[in-house]
S.K.: 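The structure follows.
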Amino acid sequence: MKNASPFKWRHFEAAIILLCIRWYLRYSLSYRDLEEMMLERGLHVDHTTIYRWVQKYAPELEKRCRPHLKAYSDSWKVDETYIKIKKVWFYLYRAVDSEGNTIEFLLSPMRDAEAATRFFCKALYSSACSTSQACPVAEQVAQPTALTDTTTVTSALRVINVDKNAAYPRAVANLKAAGVLPEHVELRQVKYLNNLIEQDHRFIKRLTKPGMGFFSFETASRTLQGYEAYNMIRKGQLQRVNKGDVRGQVALVAKLFEVAA
């Protein structure tokens, strides 16, 4: 039986919903900006309605993008940036490969070895899945802090570049001791090697600025999933769509949601 449309029972057509979601996740716009832009086109869409659309479909976009991602290179660059939630700074862990392709991200209230370990587990799982192979650490990722399974990740990872944060060596040591991370993987704590990911943070920071922060951890997490997913689409990380091909990217999002472009 064919799955029901994710837009079933919505008041507006799927194409309008996807248009608002794409624009919000791609450009530095507030919800009220989008409300005015839709009004110029003869559509009265309240900004709270667009907010609910983003909260509903941004995580779904990321979920549907994952199976179509291209494989990553063997050199990772890992860093964290700051996200404000209810006037409190949280940490967004992010990783890209040597070509600037986004590998994984994780929003965390803490910046310690446990958070870094949880992030590495998530990133290793995503990398393993991107190679279209079995993901042997699925159970570990479901419970990232319980590293009792010593199954080694099937990964071509060669080196991880990080800054001088003392939590990273402890996290990598824990993962190697648990057999999750191969012993041959090198950890480099050289700050200038991470210039690529520090520049990549700008895209996310530019999008979060119009909203002046988030009001809950869940809201931030869902919205960031959409930001990162569309950033991957923009970079040309998905199969059969190239960087700079705006029309192709629009058609791809419509295809992921089974909507006519």
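Bear in mind the structure is a predicted one, so any value in this text is a computation, not a measurement.
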S.K.: Under 4.0 Å between a side-chain nitrogen and a carboxylate oxygen: does that hold for Glu60 and Arg64?
M.R.: yes
S.K.: Rounded to the nearest 0.5 Å, how far does CD of Glu186 lie from CG of Leu157?
M.R.: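 Reported value, rounded in 0.5 Å steps: 10.5 Å.
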S.K.: Looking only at heavy atoms, what is the nearest atom pair of Leu238 and Cys65, with distance?
M.R.: CD2-SG, 3.9 Å
S.K.: Could you measure the distance from the NZ atom of Lys56 to the CZ atom of Arg10? Nearest 0.5 Å is fine.
M.R.: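 Separation between the atoms: 6.5 Å.
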S.K.: For the NZ atom on Lys209, are there more than 12 heavy atoms of other groups (residues, nucleotides or ligands in this structure) within a distance under 6.0 Å?
M.R.: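 No, because the 6.0 Å sphere around NZ of Lys209 holds 12 heavy atoms or fewer from other groups.
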S.K.: Supply the atom-to-atom distance Thr223 OG1 to Ile204 CD1, rounded to the nearest 0.5 angstrom.
M.R.: 11.0 Å
S.K.: Spell out, as yes or no, whether a donor-acceptor pair under 3.5 Å connects the side chain of Asp33 to the backbone of Ser30.
M.R.: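 Answer holds: yes.
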S.K.: What distance separates Ser221 OG from Leu92 CG, expressed to the nearest 0.5 Å?
M.R.: 9.5 Å
S.K.: Could you tell me which residues satisfy salt bridge (Lys or Arg N to Asp or Glu O under 4.0 Å) with Arg111, sequence neighbours excluded, listed by chain and number?
M.R.: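 For Arg111, the residues satisfying salt bridge (Lys or Arg N to Asp or Glu O under 4.0 Å) (neighbours in sequence not counted) are Glu80.
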S.K.: If two hydrophobic side chains count as joined below 4.5 Å and joins carry through other members, does Val96 share a cluster with Val190?
M.R.: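 No; Val190 is not reachable from Val96 via cluster members.
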S.K.: Quick one: does Lys70's side chain have a donor or acceptor within less than 3.5 Å of a partner on Gly236's backbone?
M.R.: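 It does hold such a pair.
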S.K.: Please list all pairs meeting ring-ring contact (aromatic ring centres under 6.0 Å, His included) that have one or both residues in residues 87-110, counting only residues at least two apart or in different chains.
M.R.: Tyr82-Tyr91, Phe90-Phe217, Tyr93-Phe119
S.K.: Would Asp79 and Glu198 count as a side-chain contact (heavy atoms from CB on, under 4.5 Å) here? Give the steps.
M.R.: CA-CA 7 Å; Asp79 191 30; Glu198 289 176 0; 3.5 Å; yes
S.K.: Can you name the nearest heavy-atom pair linking Ala123 to Ile103, along with the distance?
M.R.: O-CG2, 4.1 Å
S.K.: With hydrophobic residues grouped by side-chain heavy-atom distances under 4.5 Å, do Ile197 and Leu124 end up in a single group?
M.R.: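 No, it is not one cluster - the side chains of Ile197 and Leu124 are not joined through contacts under 4.5 Å.
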S.K.: Do any N or O atoms from the side chain of Lys176 and from the backbone of Val185 form a donor-acceptor pair under 3.5 angstrom?
M.R.: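 Side chain of Lys176 to backbone of Val185: a pair is present.
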S.K.: Can you tell me if Thr81 uses its side chain to pair, donor with acceptor, with the backbone of His201 under 3.5 Å?
M.R.: no
S.K.: Under a 4.0 Å threshold between the charged nitrogen and the carboxylate oxygen, would Glu99 count as salt-bridged to Lys235?
M.R.: no
S.K.: If every non-hydrogen atom of Asp163 is compared with every non-hydrogen atom of Gln189, which pair is closest and at what distance?
M.R.: O-NE2, 3.0 Å
S.K.: Report the distance from atom CG of Leu43 to atom CD of Glu35, rounding to the nearest 0.5 Å.
M.R.: 12.0 Å
S.K.: Okay, side chain of Thr117, backbone of Ala113: is any donor-acceptor separation there less than 3.5 Å?
M.R.: yes
S.K.: Just how far is it from atom CG of Leu61 to atom CG of Leu256, taken to the nearest 0.5 Å?
M.R.: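 The distance works out to 6.5 Å.
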S.K.: Look at the side-chain heavy atoms of Ile, Leu, Val, Met, Phe, Trp and Tyr, link any pair under 4.5 Å apart, and say whether Val159 and Tyr168 land in one connected group.
M.R.: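 Different clusters.
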S.K.: Assess the residue pair Phe120 and Ile160 against the criterion (side-chain contact (heavy atoms from CB on, under 4.5 Å)); give the C-alpha distance rounded to whole Å, side-chain angles, the decisive distance to 0.1 Å, and a yes or no.
M.R.: CA-CA 10 Å; Phe120 280 132; Ile160 301 175; 4.0 Å; yes
S.K.: So, for Leu29 and Leu34, which heavy atoms are closest and what is the spacing to 0.1 Å?
M.R.: CD1-CD2, 4.0 Å
S.K.: Are the side chain of Asp200 and the backbone N or O of Leu196 linked by a donor-acceptor pair below 3.5 Å?
M.R.: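 Not at all, since once roles are kept as given, no pair shorter than 3.5 Å links the two residues.
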S.K.: Where do Arg94 and Glu228 land on the salt bridge (charged side-chain N to carboxylate O under 4.0 Å, His left out) test, with the steps shown first?
M.R.: CA-CA 10 Å; Arg94 304 183 68 244; Glu228 294 284 7; 2.7 Å; yes
S.K.: Show your reasoning for whether side-chain contact (heavy atoms from CB on, under 4.5 Å) applies to Tyr31 and Arg52.
M.R.: CA-CA 10 Å; Tyr31 291 116; Arg52 287 194 291 268; over 6 Å; no
S.K.: Go through the structure and list residues passing salt bridge (Lys or Arg N to Asp or Glu O under 4.0 Å) with Arg66, not counting sequence neighbours.
M.R.: Glu62, Glu104
S.K.: Would you name the heavy atoms of Gly248 and Asp245 that are closest together and state the gap between them?
M.R.: N-OD1, 3.0 Å
S.K.: Which heavy atom of Leu39 sits nearest to which heavy atom of His44, and what is that distance?
M.R.: CD1-ND1, 4.1 Å
S.K.: What donor-acceptor contacts under 3.5 angstrom involve side-chain atoms of residues 12-28, with partners at least two apart or in another chain?
M.R.:
| unit_1 | atom_1 | unit_2 | atom_2 | d |
| --- | --- | --- | --- | --- |
| Tyr24 | OH | Tyr227 | OH | 3.3 |
| Ser28 | OG | Arg206 | O | 3.3 |

S.K.: Is it the case that the side chain of Tyr57 and the backbone of Pro6 share a donor-acceptor pair, with hydrogens and angles ignored and the cut-off at 3.5 Å?
M.R.: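 Answer holds: yes.
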S.K.: Quick check on the hydrophobic clustering: are Phe214 and Leu106 connected, directly or via other members, by side-chain heavy-atom contacts under 4.5 Å?
M.R.: yes
S.K.: Which residues pass the salt bridge (Lys or Arg N to Asp or Glu O under 4.0 Å) test with Asp74, sequence neighbours left out?
M.R.: Arg158
S.K.: Can you name the residues that form a salt bridge (Lys or Arg N to Asp or Glu O under 4.0 Å) with Asp97, not counting sequence neighbours?
M.R.: none
S.K.: With side-chain contact (heavy atoms from CB on, under 4.5 Å) as the criterion, how do Val172 and Val162 come out once you've worked through the C-alpha distance, each side chain's angles and the decisive distance to 0.1 Å?
M.R.: CA-CA 11 Å; Val172 169; Val162 297; over 6 Å; no
S.K.: Between Asn194 and Lys191 (side chain of the first, backbone of the second, donor and acceptor by atom type, cut-off under 3.5 Å), is there such a pair?
M.R.: no
S.K.: Are Tyr51 and Gln55 side-chain neighbours, meaning at least one heavy-atom pair lies under 4.5 Å?
M.R.: yes
S.K.: Given 3.5 Å as the limit, does a donor-acceptor pair link the side chain of Lys77 with the main chain of Leu193, or not?
M.R.: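 The answer is yes, because a donor-acceptor pair under 3.5 Å joins these two groups.
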S.K.: Find out if a path of hydrophobic residues (ILVMFWY) with successive side-chain heavy-atom gaps under 4.5 Å connects Phe257 to Val241.
M.R.: yes
